[in-house]
There are 2 protein chains.
Amino acid sequence: MARRSIEEIRRQELVEACLAVVAEEGHDAATTQRIAARAETSAGIVHHYFGDKASLLQAAMRSVRTPVADAYRDRLTAGGIADGSGRAALSACIDAHLDPSILTVRRAAAWLQFTSRVAYVPDYARIHAAIRCRQIAALRRSLRGMSADPGAAPAVALRLAIAIDGFWAECATREGGLMPGEARAAIDAILSDSVL
Amino acid sequence: MARRSIEEIRRQELVEACLAVVAEEGHDAATTQRIAARAETSAGIVHHYFGDKASLLQAAMRSVRTPVADAYRDRLTAGGIADGSGRAALSACIDAHLDPSILTVRRAAAWLQFTSRVAYVPDYARIHAAIRCRQIAALRRSLRGMSADPGAAPAVALRLAIAIDGFWAECATREGGLMPGEARAAIDAILSDSVL
DNA sequence: AATAATAAATTGAACGATCAATCAATAAAT
DNA sequence: ATTTATTGATTGATCGTTCAATTTATTATT
């Protein structure tokens, strides 16, 4: 159990150090040496716990979006929304993506570093597709029964996802991050045009 | 004059080869050797005409958005819009950014490669800021006198720019590119919410 | 017009630096 | 005593850049 504990601790430390380097210095600067230095350990430890650098980077990429999924689930249960449909669920999903406590400059910067390489790194494409798929599914489910034209729900969900991604990218390139409610105004505009 | 001609030809060949490699294989794969191979020349020629690799990459980044600016100017003159304000000018600006002949997968992919490094490469930040600044200025000018709340024009212009960037990024990660009118629908939704 | 002289264009080998990954050796923990 | 954790040196590959050598083009001279 002690062995498992140390392993978990080291892996998490390395993931956090990796994420910090990727966000602050860019994916290109994320060398094993630099990540190890940030985690206050040696370069060899990366290969001891992750096998290779790519596996660590993938673990780091996966960890970027987990706070969004967690926040969405928490808001659903807190609001007593079981089936995940309706206006409250939609709001929960959007807020989970845009709340300032979740959409931070660091997280957005790291996310942009990974997603911008999706077309060239198949492993990133897999992770990105899975996350985007779940996001679209949640948006569609929440739109069920509240769209003026039910057939338009998939298109609206996709539109929302793309707009959300746009604000994540914008957040990554602005030192102070987004202004409160700045993204929400644009999202609501898209919504008010196609939702009852 | 012959000397100058050869220089111009080589520089343009290198910029195009650089753009092709960046878009198809990613910025990380854009080595001098690979770019030179794509241009059917040798690696040393990059330094002969550009000094270093960074200068070539910057020239390539600048060239990505010139078709947008050109298309915008052409549409303004074709429509006889001198002052660049009004609904027709706004449409011209948006179309210049979203028309399928301009927003291609290759161009979007290359643009994403450069903009995702803006936070870490000061030279990219300069180029990006200049282009974004002109884009915002054009949008604000076109919104003049047609917004319900004139004070909201800057915020609306920024919202539009971010949404446009979102669709450029989406276009980069989809093999077939965007569907015709797919982006326009979301943009119009943002507009109809804040413009007369 | 033909040839020599000069300049420009191009190449490929070489250099130093940096990288991921391996591995034998050491330290710590069980 | 045995397993686990950790280190740092090493290896082989690749990178940007430099540079001397070579080819090609242009100009000057006869």
Side-chain angles (χ1 to χ4, degrees), chain A residues 1-61 110 113-114 117 120-124, chain B residues 1-61 113-114 116-117 120-124:
Chain A
M1 52 174 66
R3 151 173 40 130
R4 175 147 195 89
S5 180
I6 280 242
E7 179 166 340
E8 283 305 312
I9 291 171
R10 289 285 170 275
R11 287 179 67 97
Q12 186 167 343
E13 282 175 352
L14 286 171
V15 164
E16 273 176 34
C18 179
L19 227 43
V21 173
V22 168
E24 292 174 17
E25 307 174 45
H27 187 285
D28 300 352
T31 68
T32 55
Q33 308 248 9
R34 196 125 196 83
I35 296 169
R38 183 95 191 198
E40 290 177 348
T41 179
S42 65
I45 221 70
V46 170
H47 300 89
H48 186 258
Y49 286 109
F50 282 92
D52 56 5
K53 197 183 74 159
S55 298
L56 169 55
L57 282 164
Q58 290 162 34
M61 177 178 180
Q113 289 302 292
F114 291 118
R117 285 162 175 84
Y120 319 105
V121 185
D123 289 317
Y124 291 174
Chain B
M1 51 173 69
R3 150 172 41 127
R4 175 147 196 89
S5 177
I6 279 243
E7 180 167 339
E8 283 305 311
I9 290 171
R10 289 286 169 275
R11 288 179 66 98
Q12 186 169 344
E13 282 175 353
L14 285 171
V15 164
E16 274 175 34
C18 179
L19 227 44
V21 173
V22 167
E24 293 174 16
E25 307 175 44
H27 187 284
D28 300 352
T31 68
T32 54
Q33 309 248 7
R34 196 123 196 82
I35 296 169
R38 184 95 191 196
E40 290 177 347
T41 179
S42 66
I45 220 70
V46 169
H47 300 89
H48 186 258
Y49 286 110
F50 282 92
D52 57 4
K53 196 183 76 159
S55 299
L56 169 55
L57 281 164
Q58 290 161 33
M61 178 178 180
Q113 289 302 292
F114 290 118
S116 65
R117 286 161 175 84
Y120 319 105
V121 185
D123 289 316
Y124 290 174

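Note: hydrogens, waters and symmetry copies are ignored here, and every other heavy atom, side chains too, is used. Note that the structure is a prediction, hence the values are computed from the model and not measured.
For A:S42, there are no side chain to side chain donor-acceptor pair (under 3.5 Å) partners two or more places apart in sequence or in a different chain. With sequence neighbours excluded, no residue satisfies salt bridge (Lys or Arg N to Asp or Glu O under 4.0 Å) with A:R11.
Taking both residues in full, the closest heavy atoms of B:V22 and B:A30 are given as CG2-CB, 3.9 Å, listed atom of the first, atom of the second, then distance.
A:E13 places no side-chain N or O within 3.5 Å of a backbone atom of A:A39 that could act as its donor or acceptor partner. Under a 3.5 Å cut-off, the side chain of A:Y49 and the backbone N or O of A:E8 do not form any donor-acceptor pair.
Between C:dA21, D:dG16, C:dT11, one nucleotide has an atom nearer to the side chain of B:I45 than all others, and that is C:dT11.
Contacts between residues 24-44 of chain B and DNA chain C, defined by a heavy-atom separation below 4.0 Å, involve B:T41, B:S42, B:G44, listed by number.
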Task: Steps toward side-chain contact (heavy atoms from CB on, under 4.5 Å) verdict (B:F50, B:L57) - done: CA-CA 10 Å; B:F50 282 92; B:L57 281 164; over 6 Å; no

TODO: Kindly determine whether A:R34 and A:D28 satisfy salt bridge (charged side-chain N to carboxylate O under 4.0 Å, His left out), including the steps that lead there.
DONE: CA-CA 11 Å; A:R34 196 125 196 83; A:D28 300 352; over 6 Å; no

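The shortest distance between the side-chain N/O atoms of B:H48 and the OP1/OP2 oxygens of C:dT10 is not below 4.0 Å.
Put simply, CD on B:E13 is 9 Å from P on C:dT10, counting in whole angstrom units. As a whole-Å value, the separation of A:E8 CD from D:dA5 P is 11 Å. Rounded to whole angstrom, the span from the CG atom of A:L56 across to the C1' atom of C:dA21 amounts to 14 Å. For the pair B:H47 NE2 and D:dC15 C1', the interatomic distance rounds to 10 Å; values are reported in whole Å. The distance between atom CG of A:D52 and atom P of C:dA20, rounded to the nearest whole Å, is 11 Å. In this structure, A:I9 places its CD1 atom 15 Å from C1' of D:dT6, rounding to the nearest Å. If you measure from atom NZ of B:K53 to atom P of D:dT14, you get 15 Å, rounded to the nearest angstrom. When the C1' atom of D:dT6 is taken as reference, atom CZ of A:R10 falls 9 Å away, rounded to whole Å.
Heavy atoms of A:Y49 sit under 4.0 angstrom from primed sugar atoms or phosphate atoms, though from no base atom.
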